Amino acid sequence: MECGLVATHLNIQAGECIKVKGKILPEAKGFAVNVGKDRSNLVLHFNPRFDSHGDVNVLVCNSMEDGMWGTEERETDFPFQQGDKTEICISFDTAELTVKLAGDKEITFPNRLGLENIEYLSVEGLLRTWGRADA
Ligand SMILES: CCCO[C@@H]1O[C@H](CO)[C@@H](O[C@@H]2O[C@H](CO)[C@H](O)[C@H](OCc3cn(Cc4ccccc4)nn3)[C@H]2O)[C@H](O)[C@H]1NC(C)=O
């Protein structure tokens with residue numbers, strides 16, 4: 001069930017970026033940023049985990065196609081702290097997505113769905129979330 005920020009009909013084109021800023025809940029077990037066509041077709045599920053699903057301080061990324069999860073990719077270089085403010089910037093082209101993180105870190109993830117635009121954004125586990133597309 002979605003209970004955080006949800007935005008649809010965004011029509012964000014390749015080359016634009018989506019900036020998501022928010023404060024991580026102090027007791028958060030994790031948070032998630034999802035972008036794609038709709039809630040069942042995600043080109044990126046970006047899920048930093050502080051302590052959930054058996055993962056501690058691991059960034060889990062995945063895609064979802066027609067409601068079915070793809071293969072996870074995991075990153076242990078983990079620039080997030082519970083209770084901190086955070087900002088991520090997601091840009092993409094038809095081949096891959098790039099997520100710029102704090103401290104000039106960035107991760108890439110394949111555009112497995114080949115999406116040419118992003119219509120859907122949802123964010124869970126952040127307080128005072130603010131998301132917008134930068135030109
Ligand atoms: C080894 C066999 C079992 O594998 C486990 O299977 C679990 C169920 O599929 C995997 O967990 C799922 O991983 C997905 C990504 O691959 C998603 O992260 C699934 O969560 C979806 C989700 C929950 N939420 C709620 C939420 C609320 C507040 C903060 C963050 C999320 N939003 N989206 C999450 O339940 C979990 O990552 C996976 N673990 C491994 C090591 O593969």
Side-chain angles (χ1 to χ4, degrees):
M1 181 187 80
E2 294 160 350
C3 56
L5 168 89
V6 178
T8 59
H9 301 86
L10 293 170
N11 192 27
I12 297 169
Q13 306 292 315
E16 296 176 329
C17 80
I18 303 165
K19 187 180 288 183
V20 177
K21 298 169 70 169
K23 185 177 185 292
I24 302 168
L25 296 164
E27 71 286 356
K29 296 291 186 194
F31 68 91
V33 178
N34 301 299
V35 293
K37 182 178 171 223
D38 54 41
R39 64 183 296 176
S40 301
N41 293 278
L42 302 175
V43 69
L44 176 62
H45 166 74
F46 179 88
N47 177 208
R49 296 180 179 178
F50 298 104
D51 183 2
S52 75
H53 297 90
D55 289 305
V56 175
N57 291 348
V58 175
L59 171 58
V60 173
C61 293
N62 204 349
S63 56
M64 177 185 277
E65 201 155 1
D66 297 331
M68 301 295 289
W69 289 113
T71 301
E72 293 182 350
E73 295 191 2
R74 300 171 115 75
E75 171 61 62
T76 52
D77 186 2
F78 189 79
F80 303 103
Q81 290 272 349
Q82 292 159 304
D84 278 6
K85 290 181 181 176
T86 193
E87 174 178 321
I88 67 170
C89 210
I90 302 171
S91 57
F92 71 102
D93 59 29
T94 53
E96 73 178 7
L97 297 97
T98 302
V99 186
K100 288 187 170 42
L101 308 172
D104 292 334
K105 293 186 191 326
E106 66 178 45
I107 62 116
T108 59
F109 187 81
N111 183 342
R112 294 170 177 166
L113 281 62
L115 289 191
E116 295 179 359
N117 72 328
I118 285 175
E119 293 289 352
Y120 175 86
L121 165 72
S122 71
V123 182
E124 295 181 284
L126 291 186
L127 272 180
R128 291 192 298 279
T129 305
W130 179 68
R132 69 183 175 90
D134 283 325

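In what follows, every heavy atom counts, from backbone to side chain, and hydrogens, waters and symmetry copies are set aside. Given the structure is predicted, the values throughout are model-derived calculations rather than measurements. Remember, it's 1-based here, ligands and their atoms both numbered in the order they're listed.
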**Prompt:** Counting only heavy atoms not in E72, do more than 12 fall under 6.0 Å of its CD?
**Reply:**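 Atom CD in E72 is packed in, count exceeds 12.
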**Asked** So, does R49 sit close enough to ligand 1 that a heavy atom of it is under 4.0 Å from the ligand?
**Response**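 Contact present.
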**Heavy atom of R74, distance to ligand 1 below 4.0 Å** =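 Contact present.
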**Request:** Measure the spacing between CG of D38 and NE2 of H9 and express it to the nearest 0.5 Å.
**Result:**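 D38 CG to H9 NE2: 10.0 Å, rounded to 0.5 Å.
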**Request:** State the atoms of ligand 1, each with its element, that fall below the 4.0 Å cut-off from a heavy-atom position in F31.
**Result:**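 Near F31, the atoms of ligand 1 are 29 (C), 30 (C).
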**Asked** Going by the order shown, which atoms of ligand 1 are within less than 4.0 Å of some heavy atom of H53?
**Response**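 Every atom of ligand 1 under 4.0 Å from some heavy atom of H53: 11 (O), 34 (C), 35 (O).
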**Prompt:** Can you tell which part of H45 has a heavy atom less than 4.0 Å from ligand 1: side chain, backbone, both or neither?
**Reply:**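 It is the side chain that touches ligand 1; the backbone stays farther off.
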**Message:** Distance alone, cut at 3.5 Å: any donor-acceptor contact between the side chains of N34 and S122?
**Reply:**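 Indeed, the side chains of N34 and S122 share at least one donor-acceptor pair under 3.5 Å.
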**Message:** Starting from V58 and following side-chain heavy-atom contacts under 4.5 Å between hydrophobic residues (I, L, V, M, F, W, Y), which residues can be reached?
**Reply:**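 Taking Ile, Leu, Val, Met, Phe, Trp and Tyr as members, V58 shares its hydrophobic cluster with V60.
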**Request:** Work out which heavy atom in D77 is nearest to a heavy atom in P79; give both atom names and the distance.
**Result:**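 Answer, listing the atom of D77 first, then P79: O-CD, 3.3 Å.
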**Request:** May I ask you to check if ligand 1 and N47 share an N or O to N or O distance below 3.5 Å?
**Result:**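 Between N47 and ligand 1 (N or O atoms, distance only) the closest approach is under 3.5 Å.
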**Asked** Could an N or O of ligand 1 be found under 3.5 Å from any N or O of E124, whether backbone or side chain?
**Response**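 E124 vs ligand 1: N/O contact under 3.5 Å present.
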**Item:** side chain to side chain donor-acceptor pair (under 3.5 Å) pairs, two or more places apart, involving residues 47-61
**Value:**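 Side chain to side chain donor-acceptor pair (under 3.5 Å) check on residues 47-61 returns N47-R49, R49-D55, D55-R74.
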